[in-house]
Amino acid sequence: MTELAPTYDAKKYEAAIYQRWLASGFFNPDNLPLPPEAPNYTIVLPPPNITDKLHLGHAAMLAIEDALIRYHRAKGYRTLWLPGTDHAAIATQNVVEKMLYQQEGKTRYDYGRTEFLRRVWEVVLPIQTTILDQIKKMGASLDWSRLAFTMDEPRQKAVRHMFVEMYKEGVIYRGERVVNWCPRCQSTLADDEVDYREQMATLYTFKYSPDFPIPISTTRPETKLGDTAVAVHPQDERYQEYIGKTYSLDFCGQPLTIKIIADRSVDRNFGTGAVGVTPAHSLTDWQLAEKYNLPMVKVIDTDGLLGDNLGQFSGLSTLAARDLIVAELKKRGLLIKEETITNNLSVCYRCGTTIEPLPSKQWFVSVDKPITRLGGRSLKTAAYEVAKTGQIKFIPERFTKRYLEWMDNLHDWCISRQIWFGHQIPVWYQGDEILVSETAPTSPGWIQDPDTLDTWFSSGMWTFSTLGWPDNWQAGHKLGDLARFHPTEVLETGYDILTLWVSRMIMMSLFAVGEIPFYEVYLHGLVLDEHGQKMSKSKGNGLDPVAMIELYGADAVRLSLLIGVTPGNDCRLGTTKIESCRNLVNKLWNIGRYILSIIPDKAIFVHNNLDLSQTTLADRWILRQFNDLISAVSNYLEHYEFSLAAEALRDFTWHDLADWYIEISKIEDSKEKCNILAYILKHLLILWQPFMPFVTQVLWDELGVEDNLLIASWPQVLKINPEAEQEELDFKLVQDLIGEIRNIRSLNHLQPSQKMKMTIIAGQWADALSKEIKLIQNLRTGLETVTIIANGQVPEGSLAGAVGPFSFYLEGEAMSAVNHAQLEHKIQELTAAINNLSRRLNDPEFLSKAPEHIIAKEQTKLTNWQAELEALRQQLNS
RNA sequence: GGACACAUAGCUCAGUUGGUUAGAGCGUACGGUUCACAUCCGUAAGGUCACAGGUUCAAAUCCUGUUGUGUCCACCA
C-alpha cells in the first residue's frame, strides 16, 4: 500500500518539503487562515553575522525558535518569524582586511574607501546567500517575504532617522573623551568590546626627579610623560603637607608640571599610595582630570607611538619608550623598586592588539540625559525600570540581575567607529558648520563624517526597523506591521550578547517607539564539543551543521540541540548524540509506517470519529497517557522547557506507544485498536512537528488529509471515559508483571520454545486481571497457560515471584534455579526499605504533621512491599 | 576585587512549588529477534546526590559555611 522505505532517508525528502512549505505561503502570517481576532505571535530572528557561514550555535537558535513558532502556529496564533542578517561592521571589515592582506598583500588604504567597500561586498554577499540557504536547510519556517538586512535600504533609512532623532533630542552628542583605541584596527572600541588578558608585568616605583617629594608606582612609565598631577588619599598622613602644591620638574629630560591632589578613590595600600595622573591615557585618570580640572597632555598617537616634542622619546613605540625611561631613571638613581605583579592587559576583542586609551573626538549616546518623550527619564533609567518591574522577563531569571547590574554601571555609549564598512554617520561638516541630516546636503562644500556607526546601533533597532519603522510610526502611533507585531513576544538569543545587544535593543526601542521591544528574553547557552571545549575553526573541533544535516537529517540535528539542554546553560554535542536522535526519528518513521500498513481505511484520519464504547484496559491506558502527553508538552513549551517536552514525547512514542501499545495491538487485534492507533498517530505528528518538522510532514502526507500539517490544530485532550476516571486495575501493574516474567525467562536462559505455566494469586484484582490474560500470555512471555485465582497458596518448592500486590508461581520443563545472589540482594534492599518506611509510619510526629494523602500513600506502599517481600522469600526457598 | 552558575550512575545530563526504593540517553553485561524498525526488542549491574552544619515529621531540593570547576563584570595606578 505505502511505498515507505524501512529506514527514513532524510535527504530524499527535505529539500522538496521545504519548497512545498514555501509554496503554501503559511510562513507568512498574512496567509494564515485565521479569524481577525486571532492573537499575534512574533519573533525576530537574531541576524547572523555575514562574516562566516552558520555554526551549531546558530543551529540551536533556529531549532529553539522554530519549535516556538511551529507550536504557536498550531495553537492558532498569527505567527511571524522574521528573518535577517547582520552586516557586523567591524567583524566583517577585519575578516575581509585580513583576507585581502593575505591574498594581495594590501591594506585598506591601498585600495581607498570606494574600492575597499566594493571588495567587502564581493566577499560578503556570497556568504550571506550561503547563510540564508543554511537556514532553510534547518527547516526554519521564517517569513521570507519580510527578509531584512541591517544595511539594506529600509534599515539605512531607519538608522539615519534614528541618529537624527536622537541628535535632536540631545541624546547623541559629539565630544572629546578618552576612548579605547585599537592602533591596529585604527578605531575606537566600546567598553564591552575590550578583552582583558592576565599577564605578568613589572611595577616600577620611582620619583620623577630628585626634588619631587613623592615616589609613585606604575607599570607604564612611558605614559608618565603625560602626567599632570599626583593623587593621594585625603587622609594619608604621609602626604598631607604636599596636597594642593604644584611642582615644575624635569622628568628624564622632559618638563612636567605636577599638581598634588587628594581623592578618595586612591588606594593607600597600593604601591606608594600615590598615583601619577595621566589624563590623556587612562580612563580613570581622565575622570579625575575632569573632576579637578587638570590639563591634559597627549603623548601617544593613534599609531601607538610616542608623539612629537618629546625629545629622544618621539616616534618610539610604547615598549621602546618604556625601556628607555627605565634606563634613564636608573642612570639618574631615581628608580626605587622593580617588582613583578600580575595585571590585566586590555586588548582588542577582534585582533588582540593592546588597547591604548586616547583622547579623541567621537559621537556618543548619552545614557543619562533626561528625555522628554520618556517622561524625563534617561535611557539608562528607563531601560533599567522595564526589567526591574518585570515588564521584560529574562529566562532563566538569574540573567535579570546581570542585566540590571550592567545597566547600573552603564557609561555613555561611544557609537562612532573609524572603519569604513558600516552605516556612515549622517553628519556633514563645512568649516565650523555642522549638519545632521537624513539626506546629504545638495549644496557643494560639505564633507561627510568619515566614521561609521557601531554595529550594535543598527542591530539595536532590529525589532522595529524590520517592522517598517520609521514609515510605520506617524505622530506617535504605530501603523501596519509595527502596530500588528510590535512588541515582539520573545527574543531568543545567546547569553553572551545579553549586554552587547539585548540592552541596546531595549534602550533604542524605548526611545523610538516608547515601548519595550519584547516581553521575554530567552537565553540559550553555548554549544560545546564532546569534551566541553568551545568549538572553533583553529582547534578544528567544530561540527558543521550542514554536514551533520546531510549525514543524519535536519530533524535529528534539531532534536540533538533541544534534548538534554536547559536554558542559559552550555551544552555538549557530539555525533553519538545526533545519531541517537536520528534513531528516534527513524523510530517515529517506523511507527507511522506500521500504523499506516494496518489501517484498513484512511478515512479515519479525516473524520476522526473515535468509537470508545468497546475499549480495553490497555486502550484506556494509552489514551490517558496520550492525554497526559498533550498537556505536558503544551505546558513545557509554554515555559520554554524544550528538553522536557521532547523527552516526554520520546518516552511516549518509543516506550508507551511502540513497545507496549503497538505490541498489544498485535495481540488484541480489533477495529477500535486501529482507530485509536490512527488517532494517536495523527495527533502525535502534530505534537512532534515543532521538533522534527520534516519526518512528520512526510508521514502526514501519507494520511491523506487535506489540511497542511503546518496549520494543523494542536491536539485537544480527549474525553475517555468520564464515569471511570480511576481504573480498577492500574495497567502499570500488568506491565510490571509481564516485565517480571520476561526477567525470569532471561535469567533462566529460556528458549522461546520452552513454555511455562503460570498461576497468579491476585486477591481483589482477580476479576480485572482475568481480562488481561491474553496479554500476559502472549506479550513475549512464553506462557502456555495463565491461571488467575483470588486466594491461594504458593506450592512448596515452586518457582515463585511477586509484583506489587500479586504473587505468582511458575511450572515448566527445563526450569533451572533462579539467580540466588540477585534475589538475596533484592530481598535485602526491600527489607531495608520496609524497615525505614514502617519506622516512619510509627513515628507520631509524622502521623500528626504530614498531610493525610501522603500517609495513606505510604501505608498502601508498605502493604504492597510486605506482600512482595513474602513472595520473594518463597521464591528464594523454592 | 564583585557577581553568577555548576558539582547527581563509567560519560552527557534531567530532576518543575521539599513527599514512591533519585531518573533518562549513551556506554557496559546477559538474553532475544527475520512477518514496522539491528537506526530493533527484553533484562540487569552501577549513585553516601562534592563536603560540613542547620531548618523540617520529611532535604538531591530550602538556609549557612567550606572545597573544586566554569563564566561574566569591574579593573589596580
Side-chain angles (χ1 to χ4, degrees), chain A residues 4 6-8 191-192 196 203 216-220 223 231 266-267 270-272 274-278 282-285 341 343-344 346 396 398-399 401-402 405-406 409 495-496 498-499 525-526 530 532 552 556 563-566 568-574 576-577 579-587 589-598 635-636 639 641 643-644 647 650-651 658-659 662-663 666 739-740 742-752 780 819 822 825 829-830 832-834 836-837 840 843-851 853-855 857-858 860-861 864-865:
Chain A
L4 304 177
T7 50
Y8 172 62
D191 290 347
D192 40 40
Y196 296 92
L203 181 70
I216 57 163
S217 300
T218 183
T219 54
R220 299 199 59 190
T223 64
V266 178
D267 178 358
F270 189 90
T272 61
V275 189
V277 180
T278 323
S282 155
L283 191 61
T284 47
D285 290 4
I341 58 162
N343 75 344
N344 279 323
S346 339
R398 63 186 141 95
F399 287 103
K401 198 172 174 189
R402 189 186 285 189
E405 271 168 12
W406 192 82
N409 295 321
Y495 66 76
D496 49 330
L498 172 67
T499 49
L526 307 171
E530 277 166 303
Y552 301 105
I563 287 188
V565 180
T566 40
N569 290 332
D570 297 346
C571 69
R572 301 181 184 196
L573 185 68
T576 46
K577 186 173 178 190
E579 230 169 87
S580 75
C581 290
R582 186 267 322 265
N583 296 353
L584 174 55
V585 170
N586 192 60
K587 189 72 189 181
W589 171 257
N590 269 292
I591 289 168
R593 216 160 65 90
Y594 176 73
I595 294 177
L596 284 162
S597 75
I598 60 161
N635 195 39
Y636 287 140
H639 294 97
E641 295 179 306
S643 182
L644 292 177
E647 283 170 57
R650 180 194 60 199
D651 290 347
D659 293 345
I662 288 184
E663 293 308 317
K666 291 176 184 171
E740 188 59 27
R742 287 170 176 172
N743 186 17
I744 289 170
R745 291 193 67 87
S746 174
L747 286 172
N748 285 290
H749 303 266
L750 294 184
Q751 296 300 308
R780 301 158 60 83
N819 186 335
Q822 201 178 20
H825 179 75
E829 276 195 342
L830 194 58
I834 287 174
N836 271 335
L837 188 57
R840 276 183 76 196
D843 183 357
E845 275 196 289
F846 172 72
L847 293 172
S848 62
K849 289 184 179 167
H853 71 276
I854 297 282
I855 298 174
K857 224 164 139 186
E858 301 284 64
T860 6
K861 198 163 59 181
N864 290 345
W865 285 359

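All values below were derived from every heavy atom in this structure, side-chain atoms included, with hydrogens, water molecules and symmetry-related copies excluded. Per chain, numbering begins at 1; letters A, B, ... match sequence-line order.
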Student: Under 4.0 Å between any heavy atoms, over every strand shown, what does A:Val565 touch: base, sugar-phosphate, or nothing? Just pick one.
Tutor: nothing
Student: Name the nucleic acid region contacted by A:Arg582, choosing base, sugar-phosphate or nothing; use a 4.0 angstrom heavy-atom cut-off, strictly under.
Tutor: base
Student: How do A:Ala658 and A:Leu584 order along RNA chain B: which one's closest nucleotide is nearer the 5' end?
Tutor: A:Ala658
Student: Using a cut-off of 4.0 Å on non-hydrogen atoms, how would the nucleic acid contact of A:Glu405 be classed: base, sugar-phosphate, or nothing?
Tutor: sugar-phosphate
Student: If you check every side-chain atom of A:Val275, which of B:C40, B:A77, B:A14 has the closest atom?
Tutor: B:A77
Student: Looking at the side chain of A:Asn586, which of B:C37, B:G25, B:A44 is the nearest nucleotide?
Tutor: B:C37
Student: What is the distance, to the nearest angstrom, from the CG atom on A:Leu596 to the P atom on B:C37?
Tutor: 14 Å
Student: Out of B:C26, B:A36, B:G42, which nucleotide sits closest to the side chain of A:Arg742?
Tutor: B:G42
Student: Which part of the nucleic acid does A:Leu837 contact within heavy-atom distance under 4.0 Å: base, sugar-phosphate only, or nothing?
Tutor: nothing
Student: From the list B:G42, B:A14, B:G25, which nucleotide is the closest neighbour of the side chain of A:Arg780?
Tutor: B:G42
Student: If you compare every side-chain N and O of A:Thr566 against the phosphate oxygens of B:A14 (OP1, OP2), does one of them come in below 4.0 Å?
Tutor: yes
Student: Let's see if you can work this out: which of B:C13, B:C37, B:G42 has an atom nearest to the side-chain heavy atoms of A:Arg572?
Tutor: B:C13
Student: Classify A:Asp285 by what it touches in the nucleic acid, base, sugar-phosphate, or nothing, heavy-atom distance under 4.0 Å.
Tutor: nothing
Student: Can you tell me if A:Arg402 touches the phosphate of B:C72, counting only side-chain N or O atoms and a distance under 4.0 Å to OP1 or OP2?
Tutor: no
Student: Heavy atoms from C-beta onward define the side chain here; which of B:G42, B:A14, B:C37 lies closest to that of A:Glu663?
Tutor: B:C37
Student: Would you kindly give the CH2-to-C1' distance between A:Trp406 and B:C75, to the nearest whole Å?
Tutor: 17 Å
Student: How do A:Tyr636 and A:His853 order along RNA chain B: which one's closest nucleotide is nearer the 5' end?
Tutor: A:Tyr636
Student: A:Val266 and A:Ala231: which non-hydrogen atoms are nearest, and at how many Å?
Tutor: CG2-CB, 3.8 Å
Student: Between A:Leu4 (CG) and B:C37 (P), how many Å, whole number?
Tutor: 13 Å
Student: Grab the CD-C1' distance between A:Glu829 and B:A45 for me, whole Å please.
Tutor: 11 Å
Student: Identify whether any heavy atom of A:Leu498 sits under 4.0 Å from a base atom; if not, whether one sits that close to sugar-phosphate; answer base, sugar-phosphate or nothing.
Tutor: nothing
Student: In whole Å, measure the gap between the P atoms of B:A22 and B:A45 for me.
Tutor: 13 Å
Student: Given the P atoms of B:G10 and B:G46, what is the spacing between them in whole Å?
Tutor: 11 Å
Student: Can you find a pair of side-chain heavy atoms, one from A:Asn635 and one from A:His639, that are under 4.5 Å apart?
Tutor: yes
Student: May I ask you to say what A:Ala231 touches in the nucleic acid, namely base, sugar-phosphate or nothing, with a heavy-atom cut-off under 4.0 Å?
Tutor: nothing
Student: Once you measure the plane-to-plane angle for A:Tyr495 and A:Phe399, does it fall in the parallel (<30°), tilted (30-60°) or perpendicular (>60°) bin?
Tutor: parallel
Student: B:G25 phosphate, OP1 or OP2: any side-chain N/O from A:Thr576 under 4.0 angstrom?
Tutor: no
Student: Is there a donor N/O on one and an acceptor N/O on the other, under 3.5 Å, for the side chain of A:Trp589 and the base of B:U39?
Tutor: no
Student: Using the C1' atom on both, measure B:C76 against B:A59 and round to a whole Å.
Tutor: 44 Å
Student: Can you find a pair of side-chain heavy atoms, one from A:Thr576 and one from A:Glu530, that are under 4.5 Å apart?
Tutor: yes
Student: Does A:Lys401 make a side-chain donor-acceptor contact with the base of B:C4, cut-off 3.5 Å?
Tutor: no
Student: Test your reading of the model: is there a side-chain donor-acceptor pair from A:Ser282 to the backbone of A:Asp285, 3.5 Å cut-off?
Tutor: yes
Student: Among the nucleotides B:U21, B:A77, B:G25, which one has an atom lying closest to any side-chain atom of A:Val266?
Tutor: B:A77
Student: Can you tell me which nucleotide in B:G25, B:A36, B:A14 comes closest to the side chain of A:Ser580?
Tutor: B:G25
Student: Figure out the CG/P separation between A:Asn743 and B:C41, and round it to whole Å.
Tutor: 18 Å
Student: At under 4.0 Å between heavy atoms, what does A:Gly271 touch on the DNA or RNA strands: base, sugar-phosphate, or nothing?
Tutor: nothing
Student: For A:Lys587 and B:C41, is the shortest distance between a side-chain N/O and OP1 or OP2 below 4.0 Å?
Tutor: yes
Student: So what does A:Arg398 hit on the nucleic acid, given a heavy-atom distance under 4.0 Å: a base, only sugar-phosphate, or nothing?
Tutor: sugar-phosphate
Student: Give me the distance, rounded to whole Å, that separates B:C75 from B:G19 when you measure between the C1' atoms they each carry.
Tutor: 49 Å
Student: Taking any heavy-atom pair under 4.0 Å as a contact, classify A:Ser848: base, sugar-phosphate, or nothing.
Tutor: nothing
Student: Heavy atoms under 4.0 Å, any strand shown: does A:Gly276 hit a base, just sugar-phosphate, or nothing?
Tutor: sugar-phosphate
Student: If you measure from the P atom in B:G31 to the same atom in B:U69, how many Å do you get, rounded?
Tutor: 44 Å
Student: Return a single string for nucleotides 54-64 of chain B, one symbol per nucleotide in 5' to 3' order, where B is base contact, S is sugar-phosphate-only contact and - is none, cutoff 4.0 angstrom on heavy atoms.
Tutor: ---B-------
Student: Over all strands shown, is A:Thr219 touching base, sugar-phosphate only, or nothing at heavy-atom distances under 4.0 angstrom?
Tutor: sugar-phosphate
Student: Which nucleotide in the set B:A77, B:G42, B:A36 lies at the smallest distance from any side-chain heavy atom of A:Lys666?
Tutor: B:A36
Student: Would you name the heavy atoms of A:Ile855 and A:Ala850 that are closest together and state the gap between them?
Tutor: CD1-O, 3.6 Å
Student: Flag the pair A:Arg402 and A:Glu405 as a salt bridge only when some basic side-chain nitrogen lies within less than 4.0 angstrom of an acidic carboxylate oxygen.
Tutor: no
Student: Which is true for A:Ile563 with a 4.0 Å heavy-atom rule: it touches a base, it touches only sugar-phosphate, or it touches nothing?
Tutor: nothing
Student: If you go through the side-chain atoms of A:Glu641, does one of them form a donor-acceptor pair with the base of B:A14 closer than 3.5 Å?
Tutor: no
Student: Going through the distances and angles, do A:Trp589 and A:Leu4 end up as a side-chain contact (heavy atoms from CB on, under 4.5 Å)?
Tutor: CA-CA 9 Å; A:Trp589 171 257; A:Leu4 304 177; 3.6 Å; yes
Student: Say you pick atom C1' in B:A9 and the same atom in B:G47; how far apart are they, in whole Å?
Tutor: 5 Å
Student: What's the gap between B:A74 and B:C57 when it is taken at their P atoms, as a whole Å value?
Tutor: 47 Å
Student: Provide the distance between the two C1' atoms, one in B:C37 and one in B:G70, to the nearest whole Å.
Tutor: 42 Å
Student: Would the distance check show the side chain of A:Asn590 and the main-chain N or O of A:Thr7 forming a donor-acceptor pair, the cut-off being under 3.5 Å?
Tutor: no
Student: Are any of A:Lys857's side-chain N or O atoms less than 4.0 Å away from OP1 or OP2 of B:G19?
Tutor: no
Student: Quick check: do A:Lys666 and A:Glu663 have side-chain heavy atoms less than 4.5 Å from each other?
Tutor: yes
Student: With sugar-phosphate meaning primed atoms plus P, OP1 and OP2, does A:Glu858 contact a base, only sugar-phosphate, or nothing at under 4.0 Å between heavy atoms?
Tutor: nothing
